[in-house]
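Bear in mind the structure is a predicted one, so any value in this text is a computation, not a measurement. Residue numbering restarts at 1 for every chain, and letters A, B, ... go by the order of the sequence lines.
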Protein chains: 2
Amino acid sequence: MSLRYALLALLTAEPLTGYDAVKRFGGSVGYVWHAPDSQIYPELRRMEGEGLIEGEQVRWGPNSTKTRYSITGDGVRALREWLATPISYGPLRDVSRMRAAYFEWADPESARENLRRHIDYYTEQVGRWKDMREAILSAAHPSIAARMEKYPAEDHERIVAYKAFAYEGLIARGEAEIEWGRKGLNLIDKLEGPSEAAGESER
Amino acid sequence: MSLRYALLALLTAEPLTGYDAVKRFGGSVGYVWHAPDSQIYPELRRMEGEGLIEGEQVRWGPNSTKTRYSITGDGVRALREWLATPISYGPLRDVSRMRAAYFEWADPESARENLRRHIDYYTEQVGRWKDMREAILSAAHPSIAARMEKYPAEDHERIVAYKAFAYEGLIARGEAEIEWGRKGLNLIDKLEGPSEAAGESER
DNA sequence: AGGAACTATCTATCGACATAGATAGTTCGT
DNA sequence: ACGAACTATCTATGTCGATAGATAGTTCCT
């Protein structure tokens, strides 16, 4: 159900075709909510059916058209309502933690490998999230730029600050994950003896 | 697919009936991996079919039986293999962050309410996780006690330490979430002016 | 003119999970 | 002896999302 609201939120910046939306979900919004095109196109059609968005046919080349969707008043209302409705924190499903809990069944080297990948993954993500945060703060991001144009200057601070704040949450979480991974590596060294690969090279 | 391995991991402690497993998923393991009984029973049957576990009929009352499952050698091997296989970090889907990113569309009071609930939820969870961590460290937890009995003393430290470590990850994450929520409340105060409810009471 | 890369959209299948039951035997207190 | 609460298991339906395509027009380079 959240896909719908992600789309509405996206469309508050500017009208988009399905394809544009798909691309946004590959970057920016995609860092916070992922969806494949096979979900996006049908959802847009459904939303149009319910009057949350409006599609208009736009010429595309000499023999073709594309559909550009804009958010409607009902759409904005739906988004607002959703934001005012408490979310239910669904049950947890945390593979990394589950695996770590049973590391006594792994050989130490794969346990280490698990954590190294954990650290690498989050290191990479944190990098991306930090870049995104910068892009937002400097209004370099196209979606932010569109918002700056569409909405009055007194809203700009809010628009930017909330998005930066969201990314800060991701970054903080990512950093906690990295920290946890490091602690895990130390724990394995303590319990199973230091890695054989240790001291081999220092990169 | 992880449900299967959660079940295998559970069964390394002691043989269980489906119902026992369901209860475990309501507590301990359930904090790390949730599953409803409608998933558990069929999965156990499938796993038996594949030889990862073995079911035996146990008398239950005068006119009935229940099935108690034990892990097989193949089951242990499957668990080990899984632990040695890198997990794919699936795409992100983070409702809290997504909502926060568009708080300019919420009225300040619902934005605050969002964050207060976030803080409350994680405060509660952190409490639970800390309790679980304690129960594990003191071997008060039944599943841990069973493990202590089944495996030699030299493994006990490992068994306990990895489980505590897993919970520490959850706790750290939870605390980061609480911290993030607090920062968000401050941010809203800064951007929208302090809450009307502020100063009303200090609990 | 041809082909590669991109834009635009749609469909089909499958597994995981949520939700909501139904059924039946058992234990235990009053 | 009865009912409530618990144990044990099973089924059915629906949504979400992953995966893997298929199709077709467009732009742009060579």
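Computed from coordinates, the L16(A) CG to dT7(C) C1' distance equals 14 Å when rounded to whole Å. Distance R46(A) CZ to dC10(C) P: 12 Å, rounded to the nearest Å. Atom-to-atom, NZ of K23(B) to C1' of dC6(D) comes out at 9 Å; the value is rounded to the nearest Å. The interatomic distance linking F25(B) (CZ) with dA8(D) (C1') rounds to 17 Å, in whole Å. In this structure, Y41(A) places its OH atom 17 Å from P of dA12(C), rounding to the nearest Å. Summarising the geometry, the separation between CD on Q39(B) and P on dG21(C) is reported as 19 Å, rounded to the nearest angstrom. In this structure, E43(B) places its CD atom 20 Å from P of dA8(D), rounding to the nearest Å. Look at CG on L44(A): it is 16 Å from C1' on dT11(C), rounded to the nearest Å.
In terms of phosphate contacts, Y19(A) brings a side-chain nitrogen or oxygen within less than 4.0 Å of OP1 or OP2 of dT7(C).
Counting heavy atoms from C-beta outward, W33(A) and S2(A) have side chains that approach closer than 4.5 Å. Side-chain contact between H156(B) and V160(B) is absent, with no heavy atoms from C-beta onward closer than 4.5 Å. Looking at heavy atoms from C-beta onward, H34(A) lies out of side-chain contact with L92(B) at the 4.5 angstrom threshold. Looking at I119(A) and L185(A), their side chains come closer than 4.5 Å, going by heavy atoms from C-beta outward.
Considering all non-hydrogen atoms of both residues, I171(A) and R133(A) come closest at CD1-CD, 4.0 Å. The two residues L83(A) and S110(B) come nearest to each other via the heavy atoms O-CB, 4.1 Å.
Just one residue in the list W180(A), Y102(A), F103(A) forms a ring-ring contact (aromatic ring centres under 6.0 Å, His included) with F165(B), and that residue is W180(A).
Y5(A) has its ring centre less than 6.0 Å from the ring centre of W82(A).
A cation-pi arrangement is not found for R173(B) relative to W129(B), the charged atom failing to lie both closer than 6.0 Å to the ring centre and inside a 45° cone about the ring normal.
Within residues 62-71 of chain B, the residues having any heavy atom closer than 4.0 Å to DNA chain C are, in order of number, P62(B), N63(B), S64(B). Contact check of residues 77-99 of chain A against DNA chain C (heavy atom, cut-off under 4.0 Å) returns P91(A), R93(A).
Base contact: S38(A) has a heavy atom under 4.0 Å from a base atom. Residue R45(A) is in sugar-phosphate contact alone, with no base atom involved, counting any heavy-atom pair closer than 4.0 Å across all strands shown.
In terms of position on DNA chain D, the residue among H34(A) and D37(A) whose nearest nucleotide sits closer to the 5' end is H34(A).
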